Amino acid sequence: MAWSRYQLGLAALMLLTGSINTLAAKWADNFSAAGCGGTEEHGFQHPFLQAVGMFLGEFSCLGVFYLLVWRDRRRPEPSMAPSQPFSSLLFLPPALCDMTGTSIMYVALNMTSASSFQMLRGSVIIFTGLLSVAFLGRKLELSQWLGILVTIVGLVVVGLADLHSSHDQKHKLSEVITGDLLIIMAQVIVAIQMVLEEKFVYKHDVHPLRAVAPKVCRFFGFIILALLLVPMYYIPAGSFSGNPRRTLEDALDAFCQIGHRPLIALALLGNISSIAFFNFAGISVTKEISATTRMVLDSLRTLVIWAVSLAVGWETFHGLEILGFGVLLAGAALYNGLHQPLLARLPRHVEEAGGTAEREGLLRESTAINNES
């Protein structure tokens, strides 16, 4: 069945804003500017401040949601079905996971390339699959186990590509390895988040905008992380820090750098605004089209990020990255069941009754070569 204009618009919005989100964050990281008190130029490395911006972007969806509700209620016949009653505190555990995982990923993005960052996020397949078996009682099909194994192979190939290309980048080998490990560590946290959201989203009829920015928890996450910037200003981090004071985060230095290089503000604005539209579009694509379509669009998003990074000179071309991306794509396809339509065309193939693969929830959505924060 052909897509409607609305569905095409959602797909294009997801692809565009998802690509802008990662590219804008990396663009901000690549800037250098003087800091406060006349300090010399240094890189804009403020991952926790960027994570606060991410939460601000997601929380901004709530205003749009209430605007749509207000407009709908003014109609003679409202089209929005009322959501089932639920406690907003149900979003608290996944929101805290989102906050932690996103902060770690922004730290990692300072240490590795944008394309590797995006590809390694595909490791979420491994952890969502294992956690769904352990905590949701789900039985994975053989193709899903094969998808997990293929994904592990893809991660190894991407890691080798990073090791071979580290001498061509501004990052040291130790930074690249640390960054890659942090990305994978963050995916464990993201997988926990997705397991929690799996139980929530399909138990309660929640509008996509409200699922992106629940009334209490996203605001809670934004406030907590913003308050944590204060102690981070004093916590020493040594060589792990990128600011002149060598503390975990220096928000004042970030604002001073923005004052000296206003383009940094543009990059941050692109990151903040794109995450809001990307999450809304992603959840809407799953509901309006399918989780498989979301996986395909996330894969295309990785290609766009890689192509732009090569075009602007942020990265150099390495054949291993093509191989790694292809293997990761194959793993995601196997896990999400993209091979099933091909098998269905083969003679003697008997389709199993049921058909719950398309709507298994956010676990399958999140397995695209993607998320956050």
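Please read these numbers as outputs of a predicted model, since none were measured by experiment.
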List for me each residue that meets side chain to side chain contact (heavy atoms under 4.5 Å, CB included) alongside [X], sequence neighbours excluded, and say none if there are none.
X: Q45; answer: N110
X: T100; answer: I104, I189
X: I272; answer: none
X: I184; answer: S123, F127

Nearest-0.5 Å distance, [atom1] of residue [X] to [atom2] of residue [Y]:
X: D162; Y: I177; atom1: CG; atom2: CD1; value: 9.5 Å
X: I275; Y: M54; atom1: CD1; atom2: CE; value: 6.5 Å
X: D253; Y: T247; atom1: CG; atom2: OG1; value: 8.5 Å
X: K139; Y: Q144; atom1: NZ; atom2: CD; value: 13.5 Å
X: F55; Y: S103; atom1: CZ; atom2: OG; value: 7.0 Å
X: F117; Y: T22; atom1: CZ; atom2: OG1; value: 5.5 Å

Side chain to side chain contact (heavy atoms under 4.5 Å, CB included), that's the test. Do Q193 and L196 meet it? Break it down for me.
CA-CA 5 Å; Q193 172 194 343; L196 294 172; 5.7 Å; no
If you compare all heavy atoms of [X] against all heavy atoms of [Y], which two are closest, and at what distance to 0.1 Å?
X: D180; Y: G159; result: OD2-CA, 4.5 Å
X: E321; Y: S115; result: OE2-OG, 3.5 Å
X: S309; Y: L23; result: OG-CD2, 4.0 Å
X: L140; Y: G129; result: CD1-O, 3.7 Å
X: T39; Y: A34; result: O-CB, 3.3 Å
X: S132; Y: V195; result: N-CG2, 4.4 Å

Sequence neighbours left out, what pairs pass salt bridge (charged side-chain N to carboxylate O under 4.0 Å, His left out) with at least one residue falling in residues 226-238?
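Listed once each, the pairs would be none.
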Under a 4.5 Å cut-off applied to non-hydrogen side-chain atoms, are [X] and [Y] in contact?
X: I258; Y: L268; value: yes
X: M232; Y: L229; value: yes
X: M14; Y: F278; value: yes
X: L155; Y: V158; value: no

Main-chain N/O of [Y] paired with [X] side-chain donor or acceptor, under 3.5 Å:
X: K26; Y: L109; answer: yes
X: R261; Y: S32; answer: yes
X: T128; Y: I125; answer: yes

According to the interplanar angle, ranging from 0 to 90°, do the rings of F317 and W306 count as parallel (below 30°), tilted (30 to 60°) or perpendicular (above 60°)?
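If you compare the ring of F317 with that of W306, the planes turn out parallel.
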With the 4.5 Å side-chain cut-off for hydrophobic clustering, are [X] and [Y] part of the same group?
X: L227; Y: Y234; answer: no
X: L252; Y: L49; answer: no
X: I224; Y: V230; answer: no
X: F48; Y: Y233; answer: no
X: F31; Y: L269; answer: no

Please name all residues satisfying side-chain hydrogen bond (donor to acceptor under 3.5 Å, both in side chains) with S274, sequence neighbours left out, ordered by chain then number.
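side-chain hydrogen bond (donor to acceptor under 3.5 Å, both in side chains) list for S274, sorted by chain: N21.
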Partners passing side-chain hydrogen bond (donor to acceptor under 3.5 Å, both in side chains) against S241 (at least two apart in sequence or in another chain):
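Partners of S241 by the side-chain hydrogen bond (donor to acceptor under 3.5 Å, both in side chains) criterion, ordered by chain and then number, come out as N243.
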Considering residues at least two apart in sequence or located in another chain, which fulfil the salt bridge (charged side-chain N to carboxylate O under 4.0 Å, His left out) criterion with D250?
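Listed in chain order: R245.
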Hydrophobic cluster of I20, others only, ordered by chain and residue number, side-chain cut-off 4.5 Å:
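Members besides I20, by chain and number: L16.
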Pairs where residues 235-266 contributes a residue and the test ring-ring contact (aromatic ring centres under 6.0 Å, His included) is met, not counting sequence neighbours
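Output for this query is empty, none listed.
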Is there a side chain to side chain contact (heavy atoms under 4.5 Å, CB included) between F325 and L303 once you walk through the steps?
CA-CA 9 Å; F325 174 74; L303 280 178; 3.6 Å; yes
For C36, all residues meeting disulfide (SG to SG under 2.5 Å), sequence neighbours excluded:
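Result, disulfide (SG to SG under 2.5 Å) vs C36: C256.
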